[in-house]
There are 2 protein chains.
Amino acid sequence: MATIRDVAEQAGVSVATVSRVLNDNGYVGAETRKRVMAAIEGLNYSPNEVARSLYKRESRLIGLLLPDITNPFFPQLARGIEDEVHRAGFRLLLGNSDEEASKELEYIQTFLQNQVVGIMSATNNTDSENYTNLDLPVVFLDRVSKQHPSVYADGIEGGRLAARTLVERGSKRITLIKGPGHIQPAMDRFQGALAVLSEAEVDFSVLSTSSYAFDDARTWAEELFAKYPDTDGVIASNDIVAIAILHEALRLGRRIPDDLQLIGYDDIPFSSLSYPSLSTIRQPAYEMGKEAAKLLIRMIQKEKEVEQTIQLPVTLIERNTTRKVDPNA
Amino acid sequence: MATIRDVAEQAGVSVATVSRVLNDNGYVGAETRKRVMAAIEGLNYSPNEVARSLYKRESRLIGLLLPDITNPFFPQLARGIEDEVHRAGFRLLLGNSDEEASKELEYIQTFLQNQVVGIMSATNNTDSENYTNLDLPVVFLDRVSKQHPSVYADGIEGGRLAARTLVERGSKRITLIKGPGHIQPAMDRFQGALAVLSEAEVDFSVLSTSSYAFDDARTWAEELFAKYPDTDGVIASNDIVAIAILHEALRLGRRIPDDLQLIGYDDIPFSSLSYPSLSTIRQPAYEMGKEAAKLLIRMIQKEKEVEQTIQLPVTLIERNTTRKVDPNA
DNA sequence: CACCTTTGTGTAACCGGTTACAGATAATTT
DNA sequence: AAATTATCTGTAACCGGTTACACAAAGGTG
């Protein structure tokens, strides 16, 4: 690998001049610039980011911490982030926390050690000292916090919307699936739905689940029909669980949406491909990623007046696991 | 941020001694070590990776280049990689290439600029000079190459297996979906299936598709039934496409697997949750990631006798979009 | 006891960029 | 024409680690 000194020698100038050409700052004569360019070309030189980072005390890397890239909500989010961050010339350091505090800490540590310019994190401990003491830009994903800006979709409203949808469409014995208690957005949507159900004239039960994992989803589905065989409406904790329930319901011969209505949460790509296609509450994951990245980049560029939070809309995506509302009602 | 000099001063020793304590090499007196440890603790010191990388001429980062993290095959793969790489103390720099040569080059460039210790890539240009001229460990994912070690599952065999399965179970008018021509594994599985169908006593047609994207999958599905309405067996290019076809088939009232058999490819997590659950050819994505990471790490550690390729088995996962074989046959 | 080896520690060069500062020349202003 | 300002370039310090080398003291050997 050629270094800046090789280039300087080749072009017959000092390293400072090469650096000026590279960064396009300071004065450089037209003729000199040409010679330097030629030397760069000739040596196929490309500057060492590590050296630059050391002096600048910051790299062009951004740390991205997700619970688990294997959960289909996150690839969308990550992709939105990556597209935006890439455009701005940054690169991503990726970590999976598995919602474990130790892994989270470890990653934040290595992010710092690598002098990232900013951190994006979907964590449940937004107020942990892992983040409060950081003096670099942080954006929380899909979570809210007082400490740092956040990009999220309103889970409480989403939960309400899900519940209202089932109620309006006539489900009378609703089962509400409560997601993992330590995941903040899971609780939000649960609370939102719970509030609506409490005030509606319906019977309902709550089924408590402890994970979003694919392998467990089938278990929750079986448990659901074992415990509440006569339920006629299910508000799932997310689309994975919803689709597992849909699967189980069809296996048991339930007619959807006639016997049983079902609504998911997230609108992951697969939800439109299930059959019947899944009605769900959409969180715009890709856009959330994009917005979060844009926000972080603005912070990195030290712009004034950066929003503290960006709330994206949750929307009802009516597909075919819910009935159509009576247009005369 | 405290530096090694702060620690040295605090402990009343030289930076060399602190470095020796940190890296546990060279001689350090027991008493001195204790003082240094205390200073590290007291200052909450954590070494700057960037400075270390600069001197060592390599970081502890590994570059991972994937076509698109949004394709459900890759998160599994990425997770396998991440778990293994993390255990060994490395971190991941992630990039999406979108199968575009320019993005690919750009990422490889920045990987090098950041002095990664190794690169893992799922590319279609394994023999491009992007890779041939690299003098650092490279492992190809899901692809084969002469230049560098690869971890892959045998696509040709997988394609054969898929085709044999449909033929054996009695489909007579098979539609074979050909995936994007520029994606090597897509071609492999296509060729494998094609070979089997050519020799079998069945009619078959080929439907050519140009992407794996979710949004397009529905289009292929519609096209399929428009062009070949009387097909009774579909070999899909991957599970996304298979599930889209399943959706469309059910929408059109086809009985599965009685009227139409369907087999996918990959065994992504959702394939077991479709209804009927999808029969498919499994590629062990997570394990592939793990193996690839282990291989790369061995190369990084300059072990002798590192395998050049690791081939993982493709297996038939018989679920409910294919009929059971007649046990008397 | 002279000699060699092991142990313990510090000094300073080095990795490859960036930039403060200084000095020289050219262009502009008054 | 003198003073001022703009343009161009180089020297060397700096970022924060690692390590070659030097040196001193302690321990072991014949």
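Numbered from 1 within each chain, the chains take letters A, B, ... in sequence-line order. Atoms considered below: every heavy atom in the structure, side chains included; atoms not considered: hydrogens, waters and symmetry mates.
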- Looking at every strand, decide which applies to A/T3 at a 4.0 Å heavy-atom threshold: base, sugar-phosphate, or nothing. sugar-phosphate

- Separation of D/dT11 P from A/I4 CD1 (nearest whole Å): 14 Å

- How long is the line joining CZ of B/R57 and C1' of D/dG17, in whole Å? 15 Å

- Name the one of B/L64, B/L92, B/L93 that satisfies side-chain contact (heavy atoms from CB on, under 4.5 Å) with B/V116? B/L93

Please list every donor-acceptor pair under 3.5 Å in which a side-chain atom of residues 291-301 of chain A meets a protein atom from a residue at least two apart or in another chain.
unit_1	atom_1	unit_2	atom_2	d
A/R298	NH2	A/E307	OE1	3.0
A/R298	NH2	A/E307	OE2	2.8

- Query: Just by distance, do the side chain of B/D6 and the backbone of B/T3 share a donor-acceptor pair under 3.5 Å?
  - Reply: yes

- Sugar-phosphate only, base, or nothing, as touched by A/T17 at under 4.0 Å among non-hydrogen atoms: sugar-phosphate

- Task: Figure out the CD/P separation between B/Q113 and C/dG17, and round it to whole Å.
- Result: 10 Å

- Under 4.0 Å between a Lys/Arg side-chain N and an Asp/Glu carboxylate O for B/E84 and B/R79? no

- Can you check whether A/Y152's main-chain N or O pairs, donor with acceptor, with A/S150's side chain at less than 3.5 Å? no

- Task: Identify the heavy atoms of A/V117 and A/S59 that sit nearest to each other, and give their distance.
- Result: CG1-O, 3.5 Å

- Given DNA chain C, 5'-ward residue of the pair B/V13 and A/A2, judged by closest heavy atom: B/V13

- Message: Using a 4.0 Å cut-off on heavy atoms, which residues in residues 47-56 of chain B reach DNA chain C? List them by number, or say none.
- Response: B/L54, B/Y55

- Message: Using whole Å, what does the distance between atom C1' of nucleotide D/dG16 and atom CG of B/D6 come to?
- Response: 10 Å

- For atom CZ of A/R5 and atom P of D/dT11, their distance in whole Å: 12 Å

- Query: For B/Y286, which residues count as a side chain to side chain donor-acceptor pair (under 3.5 Å) partner, sequence neighbours excluded?
  - Reply: B/D83

- Under 4.0 angstrom between B/S19 side-chain N/O and D/dT18 OP1 or OP2: yes

Please set out all donor-acceptor pairs under 3.5 angstrom arising from side-chain atoms of residues 41-53 of chain B, sequence neighbours excluded.
unit_1	atom_1	unit_2	atom_2	d
B/S46	OG	A/Q113	NE2	3.2
B/N48	OD1	B/V50	N	2.7
B/N48	OD1	B/A51	N	3.1
B/N48	ND2	A/Q115	OE1	2.4
B/E49	OE2	B/R60	NH1	2.5
B/S53	OG	B/E49	O	2.8

- Contact list for DNA chain C against residues 20-36 of chain B - heavy-atom distance below 4.0 Å: B/R20, B/Y27, B/V28, B/G29, B/T32

- In whole angstrom, what separates A/L43's CG from C/dG16's P? 14 Å

- Task: Tell me which nucleotide among D/dT11, D/dT19, D/dG17 gets nearest to the side chain of B/Y45.
- Result: D/dG17

Side-chain donor-acceptor pairs under 3.5 Å in residues 11-24 of chain B, sequence neighbours left out?
unit_1	atom_1	unit_2	atom_2	d
B/S14	OG	B/A16	N	3.4
B/S14	OG	B/T17	N	3.4
B/S14	OG	B/T17	OG1	3.4
B/S19	OG	B/N23	ND2	3.3
B/N23	ND2	B/S19	O	2.9
B/D24	OD1	B/R33	NH2	3.2

